Amino acid sequence: MHILQVNPEQPEPEAIQIAARIIRDGGLVAFPTETVYGLGANGLDSAAIAGIYRAKQRPAGDPIIAHIDHTDQLATLAVHIPPVAYELAAAFWPGPLTFVLHRAPDVPDNIAAGRPTIAVRMPSHPVARALLAAADVPIAAPSANTFTRPSATSAAHVIQDLDGRIDAILDGGMTTIGLESTVLDLTATVPVVLRPGGVVVEALRHFIPDMTVQTRYLKADEAAVSPGQMLKHYAPDAHLTVFTGAGRRQALYDATRQHRAAGQRVGLLVTDDVLDMLQSDAFKADLETGVVVYALGAPDDLDSISRKLFDGLRALDARQVDVILALDFGREGLGAALWDRLLRAAEGNIITSD
Ligand code: TXA
Ligand code: MG
């Protein structure tokens, strides 16, 4: 596997050319986008796309997003494109917004897992843009993690999951948003958000006031009919519990105490204020040995929390904690996407304390 270091702002053309050639030749290249790392293949080559499913161990029923680099490509991938798609593209592309549209006849079946639709997005990350331009084909790319694992926000995460299974990585450092794109289904009469993400629902509502949000949390056997909506997703190895409600801080604190009393190593995925609280009290002696804290930033800094969330889950796993405890970050703005990822990472294990 080639590890190609690139400047995230101005990627070196030599590295981009190597990666683009691999894509054109039917290989697999992981690359940074502004949301998470993608695992890319030529979006017009069904054999290359089949390789993505194998490398990720992803079920054949879960469709993949096609990444493009200019709006004209939309009409080569989709048909019956509603005008609102172009309005939204003008406002939010390049950026973390994916449209589900009716699929054009020549687009390979397996990028869409056999569905009559196609998901399309134009990423803004300079490395993704350079790769798309050099490869000169749409690039099929799911998040570059093994199925059900937390998404990859750095090249190190990609290597953890996919070393030996892919041809190359463009290493452009940590991604900036850290959560995946918002998936918006424009094939229904009324547009539906299927996955909250980097473009917040509040911003989309300006354009589509009647839009609905339909996030579902399905068991593995139900998920076949509704791709990407499985409850278990983004899950760390350690058992994750998320605390919500007005009494969530105290509940997290009490749970930490109980797990410590039972001799377990506790990982805390919390904002800086909680870390300050722990440092000033009884846990001080325990910090590092029995309690490992991953600090996500200031409690009102949802950008920082989003950027660090998946890294935090993976970093705490690497410290071999027995359990991970986390707090809810609200539902406003990026809070909606954070809540969705936490709920799935915890497989529904939420404790509400009023
Ligand atoms: O930010 C992102 O979207 C990242 C970067 C790499 O672009 N990609 C990503 O891909 O998150 P993935 O495969 O991990 O998630 C794509 C989501 C899945 O929930 C999938 O089920 C949904 O989009 N999806 C893709 N095609 C679809 C379709 N035709 N209809 C409904 N949902 C679709
Ligand atoms: Mg994914």
Side-chain angles (χ1 to χ4, degrees), residues 29-41 43 49 52-53 55-69 77-78 92-104 107-125 127-129 131-132 138-153 157-158 161-162 170 175-188 191-199 214-218 223-235 306 310 337 340-341 344-345:
V29 178
F31 62 97
T33 80
E34 69 280 19
T35 58
V36 299
Y37 273 72
L39 175 56
I49 295 164
I52 293 179
Y53 287 92
K56 275 198 66 148
Q57 298 165 276
R58 180 181 178 109
D62 198 355
I64 298 172
I65 298 172
H67 295 69
I68 60 174
D69 129 86
L77 296 169
F92 297 104
W93 278 1
L97 178 62
T98 297
F99 303 140
V100 174
L101 297 163
H102 297 285
R103 179 158 55 100
V107 178
D109 239 30
N110 63 344
I111 189 172
R115 303 169 82 80
T117 53
I118 179 78
V120 188
R121 108 169 171 96
M122 187 191 294
S124 65
H125 195 292
V127 175
R129 300 304 300 278
L131 180 63
L132 282 161
I139 295 184
S143 51
N145 52 283
T146 307
F147 181 61
T148 78
R149 296 261 302 144
S151 297
T153 54
H157 298 164
V158 179
D161 281 19
L162 299 173
L170 284 165
T175 61
T176 47
I177 297 176
L179 299 177
E180 300 82 350
S181 63
T182 302
V183 178
L184 179 67
D185 186 349
L186 294 175
T187 65
V192 183
V193 170
L194 299 176
R195 176 177 74 181
V199 169
Q214 270 178 30
T215 43
R216 295 196 283 175
Y217 302 94
L218 305 175
V225 285
S226 192
Q229 306 214 321
M230 245 175 76
L231 175 60
K232 180 175 180 178
H233 205 150
Y234 318 109
S306 299
F310 290 131
D340 175 79
R341 306 307 186 271
R344 292 184 208 271

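The shown structure was predicted, so the numbers you read here are calculated from the model rather than taken from an experiment. Counting starts at 1 for both ligands and their atoms, following the listed order.
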Subject >> Shortest reach to atom 29 (N) of ligand 1 by a heavy atom, considering only Ile65, Leu39, Thr117 >> reply: Thr117
**OP:** Please check if the side chain of His102 supplies one atom and the backbone of Ala78 the other of a donor-acceptor pair under 3.5 Å.
**Re:** no
**OP:** Report yes if some N/O of Ser143 lies less than 3.5 Å from some N/O of ligand 1; otherwise report no.
**Re:** yes
Original post:
For the ring pair Tyr37 and Phe31, is the centre-to-centre distance below 6.0 Å?
Top reply: no
Original post:
Does the side chain of Tyr217 come under 3.5 Å of the side chain of Asp340 through a donor N or O and an acceptor N or O?
Top reply: yes
Original post:
Which ligand 1 atoms, with their elements, are less than 4.0 angstrom from a heavy-atom of Val100?
Top reply: 30 (N), 31 (C)
Original post:
Quick one: which ligand 1 atoms are inside 4.0 Å of a heavy atom on Thr35?
Top reply: 1 (O), 2 (C), 4 (C), 5 (C)
Original post:
So, does Arg103 use its side chain to make a donor-acceptor pair with the main chain of Arg115 at under 3.5 Å?
Top reply: yes
Original post:
Counting only N and O atoms by type, is there a donor-acceptor contact under 3.5 Å from the side chain of Glu34 to the main-chain atoms of Thr176?
Top reply: no
Original post:
In the shown structure, where waters are left out, how many protein N, O or S atoms lie under 2.8 Å from the Mg ion (ligand 2)?
Top reply: 1
**OP:** For ligand 1, note which part of Arg58 has a heavy atom under 4.0 Å away: side chain, backbone, both or neither.
**Re:** side chain
Original post:
What atoms of ligand 1 come closer than 4.0 angstrom to any heavy atom of Val183?
Top reply: 23 (O)
Original post:
Would you say the side chains of Arg341 and Ser306 form a donor-acceptor pair under 3.5 Å?
Top reply: no
Subject >> Element-labelled atoms of ligand 1 that are located less than 4.0 Å from some non-hydrogen atom of Gly38 >> reply: 6 (C)
Original post:
Given Lys56 and Leu39, is the side chain to side chain contact (heavy atoms under 4.5 Å, CB included) satisfied, shown in steps?
Top reply: CA-CA 9 Å; Lys56 275 198 66 148; Leu39 175 56; 3.9 Å; yes
Subject >> Numbered atoms of ligand 1 (with element) below 4.0 Å of Glu180, judged on heavy atoms >> reply: 1 (O), 2 (C), 11 (O)
Original post:
When you check the side-chain N and O atoms of Thr35 and Arg121, is any donor under 3.5 Å from an acceptor?
Top reply: yes
Original post:
Should one rank Arg195, Met230, His102, His233 by closest heavy-atom distance to atom 17 (C) of ligand 1, which comes out on top?
Top reply: Arg195
Original post:
If you measure from each heavy atom of His67 to ligand 1, is any distance below 4.0 Å?
Top reply: yes
Subject >> Stepwise side-chain hydrogen bond (donor to acceptor under 3.5 Å, both in side chains) check, Arg195 with Thr98 >> reply: CA-CA 9 Å; Arg195 176 177 74 181; Thr98 297; 5.1 Å; no
Original post:
How does Pro63 reach ligand 1, if at all, at less than 4.0 Å between non-hydrogen atoms: by side chain, backbone, both, or neither?
Top reply: both
Subject >> Stepwise side chain to side chain contact (heavy atoms under 4.5 Å, CB included) test for His157 and Thr153 >> reply: CA-CA 7 Å; His157 298 164; Thr153 54; 3.1 Å; yes
Subject >> Subset of ligand 1 atoms that lie under 4.0 Å from at least one heavy atom of Arg121 >> reply: 1 (O), 2 (C), 3 (O), 5 (C), 7 (O)
Subject >> Residue part near ligand 1, for Asp62, under 4.0 Å between non-hydrogen atoms >> reply: side chain
Subject >> Modelled atom types, side-chain donor and acceptor of Glu180 and Ser151, under 3.5 Å >> reply: yes
**OP:** Mind checking ring-ring contact (aromatic ring centres under 6.0 Å, His included) for Phe99 and listing every partner two or more places apart, or none if nothing turns up?
**Re:** Trp93
Subject >> Under 3.5 Å: donor-acceptor pair, side chain of Tyr53, backbone of Asn110 >> reply: yes
Original post:
Taking non-hydrogen atoms only, is Arg103 closer than 4.0 angstrom to ligand 1 via side chain, backbone, both or neither?
Top reply: neither
